[in-house]
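To start, the structure itself, in structure tokens.
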Amino acid sequence: MNRAHYIGGTFLPHGDDTGPHGDDTGTRPLINPVDGTIRGKVPEAGRETVDAAVAAARTALGGPWGSTSAEDRAAALRRIADGIQARFDEFVEAESGDTGKPRELAATIDIPRVIGNFRAYADLLYGRPEHAYATAIPGWSTGTGQALNYTVRRPLGVVAVVSPWNLPLLLLTWKVAPALAAGNTVVAKPSEETPSTATLLAEVIGQADLPPGVFNLVHGSGVGGAGEHLTTHHDVDAVAFTGASATGAAIMRGAADHITPVSFELGGKNAALVFADADIEAALEGTLRSAFTHSGQVCLCTERVYVERPVFEEFVAALGERARSLTGYGPMISAAHRDKVLSYYRLAADEGAKVIAGGGVPHFEDARDQGFYVEPTVLAGLPQSSRIVQEEIFGPVCHVAPFGTEDEAVRLANDSRYGLAATVWTTDLSRAHRVAPRIEAGVVWVNCWNLRDLRTPFGGIKNSGIGREGGAYSLDFFSEPVNVCIQI
Ligand code: NAD
């Protein structure tokens, strides 16, 4: 696959086939996290390439796209969804290849959701209410003494979309679809670790009859690279970003120069609260899934588990046993990320944690031993203030601690600088209603995890983000209301 920049409706002659182009700073190898082999190259866009992409997006805004009807845009989104569906297996292969995640995960979660993102926003365009207000003007002697106010929404303009490697195309299209639906043009930069499905998306969009420049793609890294050039660009009207909290802070500082609006989905350190009255089997299976899906590399994964004292010992032992029996899991995205996760495993041991399961590197006696695997790990025994309990690790690891009362459970859940998601396990309906709204997180699941309805608000509080995505919330971010007042 030639993972090239896509600008103004054309793939530039970069990528695997040729050397660097323009002011590109070269290419970087794309590593297969399963076995450490090189599976391709990714170009590193320089400033000129990013400028060209932003200019193409700006030009496209002034072209036919700028005057498309909602109906036309919805039809365009549906053509994109159909184009991805037609190449479903290729997308699954590319996503699983870049991330190392099992094909089944890509085939059941990532790519169906990518298609769902485009279809959902095509449908949602018709559900948008427009507001009108009849305003009396007391004492006015001309006309009817009335004014009609109506509010229309206009696109923001050129939107920069920057996304991470864990759910590469799912998270990229979660922003691209509503941005296009609202009439913007887009310059997208996927993670340098996972460029393949975004490239396939550009191919699909190229055949979906959208005007050139409506969707543009630049590849490259973040700090000092394409990501930074794009998010600090003077001609970008908004930045939609998903990634680490520290990166969000850096992007915010850069965006401040041009007062560029930002939408941020950032890190998490998500808590699960297991009450003694819970269906323990469901809580165990749910916690196992929420801690170890995609080897813990999902922002919504549980890294802190708090269990009510009467069932604590039983729960920890059973969770450890299930974690030890997990097979078929994928690797960390990169050697660097594997090393980071392992450094936390060592830190846990240094901090005096009880290692209930895992804590090291698995041995497969095959090519995976050259890959970036770590063991699913369950820890216990650390104080709430320890770094393991406070810092996002983003690997297959959770720490389990006991609590005594409902108030204490809520206090422990909220004792975090993050506030993305939480899970409550209880069969007491009143307790569920009491506890859920007290938890400082953007999403609280009760007796389930990661059930998503694309119309609902999604996002974090505290260091976990700014703003909400999903349904009308995304369309609100990607458009600006304009009020028109007419005297009648
Ligand atoms: P990251 O912040 O390192 O990188 C994300 C993207 O930002 C990449 O495309 C990268 O090239 C780019 N980038 C990095 N530095 C930049 C800079 N200074 N300016 C502009 N762009 C820059 O994150 P990651 O390691 O790819 O992803 C893991 C993180 O993402 C975790 O913290 C995880 O919790 C978070 N995440 C959050 C959500 C959510 O919805 N809240 C979803 C998925 C992942």
Side-chain angles (χ1 to χ4, degrees), residues 28 33 42-45 47 50 98-99 101 109-110 113 117 160-175 187-195 197-198 217-233 236 239-257 260 262-270 293-303 332-334 336-338 340-341 391-395 416-421 441-443 450 452 457-470 473-474:
R28 50 180 283 140
V42 199
E44 283 276 343
R47 236 178 245 285
V50 172
D98 277 3
T99 57
K101 69 175 67 178
I109 296 179
D110 295 70
R113 248 299 291 284
N117 286 342
V161 171
V162 178
S163 54
W165 46 258
N166 63 328
L167 296 156
L169 197 60
L170 187 161
L171 292 171
L172 187 96
T173 55
W174 182 228
K175 301 173 191 307
V187 180
K189 192 207 82 66
S191 168
E192 58 275 35
E193 318 267 16
T194 53
T197 46
L217 176 71
V218 291
H219 291 291
S221 51
V223 187
E228 192 174 322
H229 300 327
L230 180 60
T231 55
T232 55
H233 200 288
V236 159
V239 175
F241 168 74
T242 298
S245 300
T247 309
I251 290 177
M252 204 169 180
R253 280 191 290 274
D257 280 348
T260 310
V262 295
S263 160
F264 284 166
E265 302 292 352
L266 306 176
K269 187 74 184 177
N270 309 305
T293 292
H294 190 18
S295 297
Q297 299 169 112
V298 178
C299 55
L300 303 168
C301 277
T302 299
E303 290 194 4
M332 300 294 92
I333 186 68
S334 63
H337 190 54
R338 185 241 353 242
K340 177 187 151 186
V341 174
E391 296 178 13
E392 182 186 48
I393 302 172
F394 217 57
S416 169
R417 77 181 78 109
Y418 294 105
L420 187 57
V443 185
N450 204 5
R452 292 280 297 118
F458 177 86
I461 59 174
K462 302 196 260 189
N463 283 12
S464 291
I466 296 179
R468 291 292 177 275
E469 296 184 318
Y473 300 89
S474 293

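Numbers here are sequence positions counted from 1. Each ligand, and each atom within it, is numbered from 1 in the order the structure gives.
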For [atom], grab the closest protein heavy atom and report residue, atom and distance to one decimal in Å.
| atom | value |
| --- | --- |
| atom 12 (C) of ligand 1 | V162 CG1, 3.6 Å |
| atom 37 (C) of ligand 1 | L266 O, 3.0 Å |
| atom 28 (C) of ligand 1 | F394 CE2, 3.7 Å |
| atom 27 (O) of ligand 1 | P164 CB, 3.3 Å |
| atom 35 (C) of ligand 1 | G243 O, 3.2 Å |
| atom 11 (O) of ligand 1 | E192 OE1, 2.7 Å |
| atom 13 (N) of ligand 1 | G222 CA, 3.4 Å |

With a 4.0 Å cut-off on heavy atoms, is [X] in contact with ligand 1?
| X | result |
| --- | --- |
| G465 | no |
| G459 | no |
| F264 | no |
| S221 | yes |

Please identify which atoms of ligand 1 are closer than 4.0 Å to at least one heavy atom of [X].
| X | answer |
| --- | --- |
| L171 | 42 (C), 43 (C) |
| W165 | 24 (P), 25 (O), 26 (O), 27 (O) |
| N166 | 43 (C), 44 (C) |
| A244 | 1 (P), 2 (O), 23 (O), 29 (C), 30 (O), 32 (O) |
| P190 | 9 (O) |
| T231 | 19 (N), 20 (C) |
| E228 | 19 (N), 20 (C) |

- Are T242 and W174 close enough, and set up right, to give a side chain to side chain contact (heavy atoms under 4.5 Å, CB included), and what steps lead you there? CA-CA 10 Å; T242 298; W174 182 228; 5.7 Å; no
Is there a polar contact, in the sense of an N or O pair closer than 3.5 Å, between [X] and ligand 1?
| X | result |
| --- | --- |
| S464 | no |
| E392 | yes |
| S245 | no |
| T242 | no |
| C299 | no |
| F458 | no |

- Are side-chain N/O atoms of S263 and K175 paired as donor and acceptor at under 3.5 Å?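 On atom types as modelled, these side chains do not qualify, holding no pair under 3.5 Å.
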Under a 4.5 Å cut-off applied to non-hydrogen side-chain atoms, are [X] and [Y] in contact?
| X | Y | answer |
| --- | --- | --- |
| D98 | T197 | no |
| L266 | N463 | no |
| W165 | T99 | no |
| L170 | I109 | yes |
| M332 | S295 | yes |

- Message: Test side chain to side chain contact (heavy atoms under 4.5 Å, CB included) on R28 and E193; report intermediate values, then the result.
- Response: CA-CA 9 Å; R28 50 180 283 140; E193 318 267 16; 4.1 Å; yes
Nearest-0.5 Å distance, [atom1] of residue [X] to [atom2] of residue [Y]:
| X | Y | atom1 | atom2 | value |
| --- | --- | --- | --- | --- |
| E265 | L300 | CD | CG | 9.5 Å |
| I333 | K101 | CD1 | NZ | 8.5 Å |
| D110 | H294 | CG | NE2 | 7.0 Å |
| Y418 | S245 | OH | OG | 4.5 Å |
| F241 | L171 | CZ | CG | 11.0 Å |
| F394 | C301 | CZ | SG | 7.5 Å |

- Query: What's the verdict on side chain to side chain contact (heavy atoms under 4.5 Å, CB included) for V236 and L230, showing C-alpha distance, side-chain angles and the deciding distance?
  - Reply: CA-CA 8 Å; V236 159; L230 180 60; 4.1 Å; yes
- Looking only at non-hydrogen atoms, which of T194, T247, I333 approaches atom 16 (C) of ligand 1 most closely?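 Looking at heavy atoms only, T247 sits closest to atom 16 (C) of ligand 1.
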- Message: Given S163, G460, G227, S191, identify the one with the heavy atom nearest to atom 6 (C) of ligand 1.
- Response: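 When every heavy atom of S163, G460, G227, S191 is considered, S163 comes closest to atom 6 (C) of ligand 1.
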- Is there at least one protein heavy-atom neighbour under 4.0 Å from atom 4 (O) of ligand 1?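 Within 4.0 Å of atom 4 (O) of ligand 1, no protein heavy atoms are found.
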If you measure from each non-hydrogen atom of [X] to ligand 1, which part falls under 4.0 Å: side chain, backbone, both or neither?
| X | answer |
| --- | --- |
| L420 | side chain |
| E193 | neither |
| L300 | neither |

- Report the C-alpha distance between K269 and I393 in whole Å, list the side-chain angles of each, state the deciding distance to 0.1 Å, and finish with yes or no for side chain to side chain contact (heavy atoms under 4.5 Å, CB included). CA-CA 8 Å; K269 187 74 184 177; I393 302 172; 3.9 Å; yes
- Would you name the heavy atoms of A45 and V50 that are closest together and state the gap between them?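 What the structure gives for the nearest pair is CB-CG2, 4.3 Å.
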